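Values below: every heavy atom of this structure, side chains too, minus hydrogens, waters and symmetry copies. Since this is a predicted model, take the numbers as computed values, not measurements. Quick note: residue numbers are just sequence positions, from 1.
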Amino acid sequence: MSTITYITLSGCGKVVQQSTSSDKKEPTFSLSFKVENITLTTKTEEPTTKNTPLLIKEPLSLKNNFNDKNPIVLSLKGYKQNKVHDLAWGKSSISSEIIKQKQTTKNITTSSPEKPKKETIIYKGKIYDKQKIKVISGKESQFEGKFNASKKEWEFKTNKVKKSYDYYLTIAYGSNTVYQIKTIDQAIVSNNKTINLSTEPLDTFRSIIFINAFRTLEFDHNYYQTINTLFDDTFFKSLQYVFPKINQKEFAKKSPIIKVSDPIIDQCIKILDLSLIDIKETEAYVKSLNKKYFTQSQKDILLKNIQSLSKNTN
C-alpha cells in the first residue's frame, strides 16, 4: 500500500472546511484508485478449537491487508492556502453468500453414498455516502466502487472534483493499522480530466510527512517537492518502516482527522524544515542524530539527498 502518527488537520491554526455545491462552476476531474490484496474469509472456515496452540495460527495481524470483515472508509481532501477541505467521502463493505449447487441424479445408484453438495461463495461489494445512501454512480462528494472478487480488489472513483486546490490527498482506511494514503499536487490535475492513482507504501510514508508538515509549518510548494527528494525510495526501504496506528476515534468522525504520532516522522519534519533554511546546518543536524532514530547507513542516504538539494539550488 498508486498510503497514520494520526495527525490533527484541524489543529495549530489549520481550518477544515466542508466543500459546498454552491461554488461557482469550475473545471473538474475524476479520480480513481484501487485497494488490492483484500483478504476474503469464508463462513465455512472451521473455528479454532480451544485446544489449538496459538503458535500454529496464521499471524493475520502481520499481513496488514484490507479484509471483508472491516468496512473501508474513503476520504478525499483538498489543501489550499493553509486550509483543508473535505471533498468526498464513502464507506464500502463486502458481504458473502454461500450457494449450494444442486446434485444431479445421473449415474447415481441407490447403493451409492450421497455426495456432499458443492458450495460456491459469492462476494458482493456495496458503498455508501455520508447519509448512508447506497451509491451506484457517484455524484460530487461521493465515491462509487467496483469490487472484483476474483482479483480481490476494490476500484474506487469520485467524480466532479474541482481543480482549484493546491494538493489532493486520498485515504483508504480499513483499521488503525491498515490504511493507504496518496498525495498529488496541482501540476498533476491541471491538464487531466481523469486521474488513476496507484498507491505504494512509500506514498503513504510521504503523505504522513506531508500532513504533519502542512499542519506544523508555513507550508509552500518547496516543502512538497523537497519531501520527494529527501525521502526517496532508497531511504524508505532502508528504514524497514512499521507504520504507526491511526487514532481511530478521530478518523471515525464525519470529517475524518488523520492523527498519527511517530518520532521518526517528527525527525523527518525537522530535517525537511531545516533543509529549506540552511543546508550546512541540516547536514550537521543529521550527523548528530541519535542512532535510535536513524542508523549510520540511513543518515548517509539522507546526507546524499541533502547534497542533491544543494546542487539543485545552485
So, the side chain of Asn65 versus the backbone of Asn37: is there a donor-acceptor pair under 3.5 Å, distance only?
yes

So Tyr168 and Tyr165, would you call those rings parallel, tilted or perpendicular, with 30° and 60° as cut-offs?
perpendicular

Kindly indicate whether the side chain of Tyr285, heavy atoms from C-beta on, has any atom under 4.5 Å from the side chain of Ile271.
yes

Kindly assign one of parallel, tilted or perpendicular to the pair Tyr241 and Phe243, based on the angle between their ring planes and the thresholds 30° and 60°.
perpendicular

Steps toward side chain to side chain contact (heavy atoms under 4.5 Å, CB included) verdict (Trp154, Ile94)
CA-CA 10 Å; Trp154 267 102; Ile94 300 171; 3.5 Å; yes

Looking at residues at least two apart in the chain, or sitting in another chain, which of them share a side-chain contact (heavy atoms from CB on, under 4.5 Å) with Ile188?
Ile184, Asp185, Ile195

So for atom NZ, which belongs to Lys163, do other residues, nucleotides or ligands contribute more than 12 heavy atoms lying within a distance under 6.0 Å?
yes

Of Leu272, Leu217, Asp266, Asp262, which meets side chain to side chain contact (heavy atoms under 4.5 Å, CB included) against Asn212?
Asp266

Parallel under 30°, tilted from 30 to 60°, perpendicular over 60°: which one fits the rings of Phe147 and Tyr123?
perpendicular

I'd like to know if the side chain of Asn159 and the backbone of Gly138 have a donor-acceptor N/O pair within less than 3.5 Å.
yes

Donor-acceptor contact present, side-chain Thr183 to main-chain Ser207, <3.5 Å:
no

Group every Ile, Leu, Val, Met, Phe, Trp and Tyr by side-chain heavy-atom contacts under 4.5 Å, then state whether Ile171 and Tyr128 land in the same group.
no

Flag for Ser75-Asp86: side-chain donor and acceptor within less than 3.5 Å:
no

Salt-bridged, Glu140 to Lys162, with N to O below 4.0 Å?
yes

Are any of the side-chain nitrogens in Lys304 or Asp300 under 4.0 Å away from the carboxylate oxygens of its partner?
no

The reported gap from CG in Asn196 to NZ in Lys34 (rounded to nearest 0.5 angstrom) is 8.5 Å

Salt bridge (Lys or Arg N to Asp or Glu O under 4.0 Å) pairs, two or more places apart, involving residues 287-299:
none

Please round to the nearest 0.5 Å and tell me the distance separating atom OG1 of Thr158 and atom CZ of Phe29.
8.5 Å

Verify whether the ring centers belonging to Phe210 and Phe219 lie closer than 6.0 Å.
yes

Please step through side chain to side chain contact (heavy atoms under 4.5 Å, CB included) for the pair Phe143 and Val135, ending with a clear verdict.
CA-CA 7 Å; Phe143 277 96; Val135 178; over 6 Å; no

